[in-house]
Enquirer: 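Handing you a structure now.
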Number of protein chains: 2
Amino acid sequence: MRRMTARPANAHQARLLRLLRDGGPNSRAQLGDEIDLSRSKLAVEIDRLLETGLVVADGLAASRGGRRSHNIRLAPGLRLLGVDIGATSVDVAVTNAELEILGHLNQPMDVREGPVAVFEQVLDMAAKLRASGVAEGFDGAGIGVPGPVRFPEGVPVAPPIMPGWDGFPVREALSQELGCPVMVDNDVNLMAMGEQHAGVARSVKDFLCVKIGTGIGCGIVVGGEVYRGTTGSAGDIGHIQAEPDGRPCACGNHGCLEAYFGGAALARDAEDAARDGRSAELAARLEEVGSLAATDVAAAASAGDATALDLIREGGTRTGQVIAGLVSFFNPGLVVIGGGVTGLGHTLLAAIRTQVYRQSLPLATGNLPIVLGELGPAAGVTGAARLISDHLFSPA
Amino acid sequence: MRRMTARPANAHQARLLRLLRDGGPNSRAQLGDEIDLSRSKLAVEIDRLLETGLVVADGLAASRGGRRSHNIRLAPGLRLLGVDIGATSVDVAVTNAELEILGHLNQPMDVREGPVAVFEQVLDMAAKLRASGVAEGFDGAGIGVPGPVRFPEGVPVAPPIMPGWDGFPVREALSQELGCPVMVDNDVNLMAMGEQHAGVARSVKDFLCVKIGTGIGCGIVVGGEVYRGTTGSAGDIGHIQAEPDGRPCACGNHGCLEAYFGGAALARDAEDAARDGRSAELAARLEEVGSLAATDVAAAASAGDATALDLIREGGTRTGQVIAGLVSFFNPGLVVIGGGVTGLGHTLLAAIRTQVYRQSLPLATGNLPIVLGELGPAAGVTGAARLISDHLFSPA
DNA sequence: CCGACTTTCTCCTGTCTCAGGACAAAGTGA
DNA sequence: TCACTTTGTCCTGAGACAGGAGAAAGTCGG
């Protein structure tokens with residue numbers, strides 16, 4: 001199960017590997033065009049990569065009018081594990097070196113059960129994926145957790161919604177269990193990396209990725225790199241004040257964005273509306289299940305329930321208000337909206353857009369797309385795979 | 001007057017020049033310790049720099065227990081012009097290659113008079129500085145303007161407070177007039193660069209620099225580099241909403257920060273207070289001069305006037321509210337407060353601190369200094385010199 | 001089927017970069 | 001005066017690298 005994955009010996013090899021991963025060309029000649037190296041030097045580096053087994057030459061490509069080229073590919077057996085721990089569920093996926101998802105499992109789970117229980121679950125899911133035949137072992141794993149992370153060490157710090165994880169050596173522990181390199185990051189940052197690699201943010205260098213799940217967070221990408229802040233808490237926008245002296249929030253302050261919107265707030269507001277008799281639709285659902293979630297509001301809204309639509313619109317407006325400020329401040333080239341509540345879809349998006357376009361500076365919004373994420377639940381695990389892949393594909 | 005300044009031939013030479021500029025050591029041996037190069041290679045590069053005249057070897061340093069070293073210094077005759085155009089005044093300064101200010105002039109002037117009039121003024125001030133003997137000519141100039149700039153071209157774009165400047169080719173025009181390379185940036189970004197180079201932010205990589213002048217802006221530094229955003233408007237925080245449906249703002253929206261604080265809003269509020277009879281102190285000053293400015297409020301406050309103190313505190317609280325959100329979002333390692341209203345001093349700082357420390361997340365504020373800028377009016381011109389120096393000290 | 005042309009890949013050689021050792025120069029301190 | 005330290009210079013050999021020559025393998029038109 002333990003694998004001795006080779007690492008690129010220098011920056012040239014690292015660039016080649018990433019180029020291959022990100023959909024670059026496959027022949028020596030075309031790789032030489034993309035990378036700033038002579039054919040001779042390039043040939044040497046590729047030969048070395050072939051020796052280490054990091055890339056393979058399998059077969060010949062079709063001719064483009066001359067001699068046929070050898071197909072250079074990343075090691076086909078390389079397998080990465082992407083883990084995305086949310087507040088209420090866990091996603092685990094296996095990818096190849098190109099970060100294509102070969103298998104993906106999702107399981108409800110409360111992160112507050114603590115790292116030991118969650119790890120057991122994650123390892124179990126990884127074992128299931130192995131058993132299904134998509135992987136024999138893992139060359140690396142990336143894992144996202146719903147809270148701030150001291151990135152270099154891979155340790156959560158003071159995470160509000162998962163107090164039991166504070167200081168738990170996630171990176172070290174998982175690395176021990178899996179016998180491969182592991183990198184840890186905030187789940188929102190991974191979503192941003194996922195959308196950047198395979199989603200809607202492919203060609204953008206500076207963008208924001210707002211994840212609305214149980215809470216609300218924001219991934220910040222500057223010059224193509226995730227920005228994590230001084231203590232790893234950058235993007236923690238859930239507790240920005242949306243209303244001075246507003247609703248009390250679980251954090252102890254008043255008027256925080258999360259007091260008004262996000263999966264938790266939305267569910268609570270929906271239950272209130274059901275009990276107050278403001279929405280027959282929601283009341284019926286509450287009767288049925290005993291509690292409500294964001295998905296119930298989404299369903300009610302798409303059934304035409306006015307109260308549900310109002311809840312979504314109001315939440316979107318609040319969120320848009322905060323995003324408007326961030327847009328003025330950060331002047332991004334794109335804003336991606338993602339997370340569990342994307343089921344609320346275009347009603348939410350329209351409310352956010354209206355607010356941002358109205359409130360931010362014209363110069364900042366003039367050419368600013370605000371769009372839903374493309375990858376859905378795959379964004380997090382793809383980002384996780386990308387994270388560890390960046391690590392593996394950098395000089396040892 | 002036109003000068004043919006040499007440029008470093010490669011990245012090594014550029015690094016050496018910046019190291020010397022930023023207070024690095026002066027002997028070949030010690031430079032070799034800081035830079036990752038062998039003594040032999042280093043000697044070659046320094047010899048080349050000596051040939052081009054970019055550095056000189058003047059005399060011997062004191063012995064440190066062995067052979068005395070030659071003092072390697074940046075060309076002593078190199079002169080940079082730093083220009084900081086504010087809303088209501090212009091600063092022009094001359095520095096040497098180490099960015100030490102050799103001469104500094106300040107002149108009141110309304111930026112709305114347009115680029116032609118302002119340029120005439122700037123060139124006149126530059127000529128005065130030359131006449132005073134601190135410079136014979138200029139090897140480069142940096143200039144800051146109070147609005148968004150398309151940085152690569154050095155052209156202001158859609159600047160709200162200086163409409164006549166929209167699209168004016170500042171960089172090209174000034175370069176023609178002065179006969180040397182010119183770089184243009186937003187004034188707030190330059191202030192941030194100034195404080196980073198010679199001020200309070202010397203050792204910090206990620207920080208915010210809030211400038212409260214006539215308006216309010218924010219310089220964003222990520223990894224030691226100024227972040228300018230997609231269209232050059234990053235940091236434009238004056239029109240972030242501080243109060244939903246609040247006071248009308250000149251920009252057309254309601255509740256913007258600048259409707260509550262900044263030099264313009266403070267002056268207006270002070271005049272209101274003087275007329276309403278809420279402050280005898282301010283009324284007396286109004287009587288005297290006919291209008292009030294931020295400095296009058298500062299004077300009244302230090303004379304103990306309660307209303308003036310209240311105005312400052314309230315403005316600081318509003319500003320702190322916005323900064324609190326930015327701190328949660330950006331998680332900086334330092335927040336610098338600067339600009340014309342720093343005369344309001346610690347009353348203002350205390351109000352901002354209180355609000356930020358109360359409202360932002362503990363993880364983000366736990367170790368976050370919020371301090372006044374060190375350089376005062378020298379910050380902008382120092383940053384401007386630094387900007388052009390970075391350009392000159394990069395490979396041609 | 002043949003020759004002209006294209007594309008891909010390999011091999012070779014000369015140039016340039018660079019590190020580190022040897023050593024000279026210039027100082028300190030006992 | 002001698003042992004030792006620091007600085008600076010010179011030299012040599014190892015490695016990085018570009019680009020030309022040319023082989024290999026294909027297309028295409030006549």
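Chain identifiers are assigned alphabetically (A, B, ...) following the order of the sequence lines, protein sequences preceding nucleic acid strands; residue numbering begins at 1 within each chain.
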Enquirer: Without decimals, in angstroms, what is the distance between A:Arg39 CZ and C:dT8 P?
Expert: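 Distance, rounded to whole Å: 11 Å.
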Enquirer: Starting at atom CG of A:Asn10, determine the distance to atom P of C:dC18, rounded to an integer number of angstrom.
Expert: 16 Å
Enquirer: Provide, to the nearest angstrom, the distance between the CG atom belonging to A:Leu31 and the P atom belonging to C:dT10.
Expert: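 The distance from CG of A:Leu31 to P of C:dT10 comes to 13 Å, rounded to the nearest Å.
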Enquirer: Kindly point out which of C:dC9, C:dC18, D:dT9 is positioned nearest to the side chain of A:Arg28?
Expert: C:dC9
Enquirer: On DNA chain D, nearest-nucleotide positions of B:Ser69 versus A:Ser63: which is more 5'?
Expert: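 Mapping each residue to its closest nucleotide by heavy atoms, the 5'-most match is B:Ser69.
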Enquirer: Any N or O donor-acceptor pair linking the side chain of B:Arg67 to the base of D:dT6 at under 3.5 Å?
Expert: no
Enquirer: For B:Phe151, does the six-membered ring have the charged nitrogen or CZ of B:Arg228 within the cation-pi criterion, i.e. under 6.0 angstrom from the centroid and within 45° of the normal?
Expert: yes
Enquirer: Has B:Glu225 got more than 12 heavy atoms of other residues, nucleotides or ligands less than 6.0 Å from its CD?
Expert: no
Enquirer: With no hydrogens and no angle check, do the side chains of A:Arg21 and A:Ser389 hold a donor and an acceptor under 3.5 Å apart?
Expert: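 There is such a pair (donor and acceptor under 3.5 Å, judged by atom type) between the side chains of A:Arg21 and A:Ser389.
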Enquirer: If you take the centroid of each ring, where Trp contributes its six-membered ring, are A:Phe330 and B:Phe330 closer together than 6.0 Å?
Expert: no
Enquirer: Mind checking A:Ser40 for me? I need base, sugar-phosphate or nothing, with any heavy atom below 4.0 Å counting as a touch.
Expert: base
Enquirer: Round to a whole Å and report the spacing from CD of A:Gln13 to P of D:dC17.
Expert: 11 Å
Enquirer: So, is B:His12 near the phosphate of C:dT17, with a side-chain N or O under 4.0 Å from OP1 or OP2?
Expert: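 The answer is no; no side-chain N or O of B:His12 sits under 4.0 Å from OP1 or OP2.
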Enquirer: For C:dG27, does OP1 or OP2 lie under 4.0 Å from any side-chain N or O of B:Arg68?
Expert: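 Yes.
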Enquirer: Without decimals, in angstroms, what is the distance between A:Asn26 CG and C:dT8 C1'?
Expert: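 For the pair A:Asn26 CG and C:dT8 C1', the rounded distance is 14 Å.
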Enquirer: Can you tell me the distance, in whole Å, between the NZ atom of B:Lys41 and the C1' atom of C:dG20?
Expert: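 Whole-Å distance recorded here is 15 Å.
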Enquirer: D:dT7, OP1 or OP2 - any side-chain N/O from B:Arg64 closer than 4.0 Å?
Expert: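 Yes, within the criterion.
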Enquirer: Measure from CG on B:Leu50 to P on D:dT9 and round the result to the nearest Å.
Expert: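 Roughly 10 Å, once rounded to whole Å.
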Enquirer: Name the residue closer to the 5' end of DNA chain D, choosing between B:Ala43 and A:Leu60 according to the nucleotide with the nearest heavy atom.
Expert: B:Ala43
Enquirer: Does a donor on one side chain sit under 3.5 Å from an acceptor on the other, for A:Thr231 and B:Asn331?
Expert: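 A donor-acceptor contact under 3.5 Å links the two side chains.
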Enquirer: Considering just the side-chain nitrogens and oxygens of A:Ser38, establish if one lies under 4.0 Å of OP1 or OP2 belonging to D:dA18.
Expert: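 The answer is yes; a side-chain N or O of A:Ser38 sits under 4.0 Å from OP1 or OP2.
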Enquirer: Rounded to the nearest Å, what distance is computed from the CG atom of residue B:Leu42 to the P atom of nucleotide D:dT7?
Expert: 13 Å
